[in-house]
Amino acid sequence: MPGRRTNLALLAMLALALITGGLAFAAGTGWGRPAVIAHAVTGFALVLLSPWKLPIARRGLRRRRGGRAASLALTLLVMVTVVTGVLQATGGALTLGPVTTMQVHVGAALLAVPLALFHLVRRPVRPRRPDLD
């Protein structure tokens, strides 16, 4: 998958993960189950897209331009978000003193939002008509 399409797919999945996570958080249990399932699917889609993002990230790290620290922080926060989401979903939830796995999951995701927006502004990807094929 070319770099531009990978980045657009990741952007779409991040947006969907944020929306479905917000819906799941607002709905709670019971009727919020479809939102939770959609949130899990988008989370796994992010993981499945990561092998295509790796060469793009490596190429970007070789270039000397601003925003590198923010991009690396974004990567770390997304990784923490995914790992804690999987732990929560599989019953491996932990508590670190007064902080739960779900709180770390939500906190890392919310901290990643401004970094993702900064990353998007610094490295814009414009969709093109052939991307829809």
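Keep in mind it's a predicted model, so treat the numbers as computed, not measured. What's counted below: heavy atoms across the whole structure, side chains too, no hydrogens, waters or symmetry copies.
Under the 4.5 Å side-chain heavy-atom criterion for ILVMFWY residues, a single connected hydrophobic cluster contains both Val82 and Leu111. The hydrophobic cluster containing Val86 does not contain Val41, counting ILVMFWY residues as joined when their side-chain heavy atoms lie under 4.5 angstrom apart, directly or transitively. Taking hydrophobic clusters as Ile, Leu, Val, Met, Phe, Trp and Tyr residues chained together by side-chain heavy-atom distances below 4.5 Å, Leu16 shares a cluster with Leu46. No path of Ile, Leu, Val, Met, Phe, Trp and Tyr side chains, each step under 4.5 Å between heavy atoms, connects Ile19 with Leu117, placing them in separate hydrophobic clusters. Under a hydrophobic clustering in which Ile, Leu, Val, Met, Phe, Trp and Tyr are joined whenever their side-chain heavy atoms come within less than 4.5 Å, directly or via other members, Leu49 and Leu14 fall into the same cluster.
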Requested in this report: Check step by step if side chain to side chain contact (heavy atoms under 4.5 Å, CB included) holds for Leu23 and His39.
Outcome: CA-CA 9 Å; Leu23 286 172; His39 186 64; over 6 Å; no
Report task. Quick one: do His119 and Leu115 satisfy side chain to side chain contact (heavy atoms under 4.5 Å, CB included)? Show the steps, please. Result -> CA-CA 6 Å; His119 188 77; Leu115 290 175; over 6 Å; no
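Rounded to the nearest 0.5 angstrom, Gln103 CD and Leu96 CG are separated by 10.0 Å. Taking CD1 of Ile56 as the start and OG1 of Thr6 as the end, the distance is 4.5 Å to the nearest 0.5 Å. Taken to the nearest 0.5 Å, the CG atom of Leu48 stands 11.5 Å off from the OG1 atom of Thr42.
Contact check for Leu54 versus Arg58: side-chain heavy atoms found under the 4.5 Å cut-off. Looking at Gln88 and Thr100, their side chains never come closer than 4.5 Å, going by heavy atoms from C-beta outward. The side-chain heavy atoms of Thr95 and Thr101, taken from C-beta on, include no pair separated by under 4.5 Å.
Summarising the geometry of Ala27 relative to Gly32, their closest heavy-atom pair is CB-CA, 3.5 Å, with the distance given to 0.1 Å. A pairwise comparison of heavy atoms in Ala108 and Val80 identifies CB-CG1, 3.8 Å as the closest pair. Nearest heavy atoms, Ala24 versus Ala35: N-CB, 3.8 Å.
Using modelled atom types and a 3.5 Å distance limit, the side chains of His105 and Thr81 yield no donor-acceptor pair.
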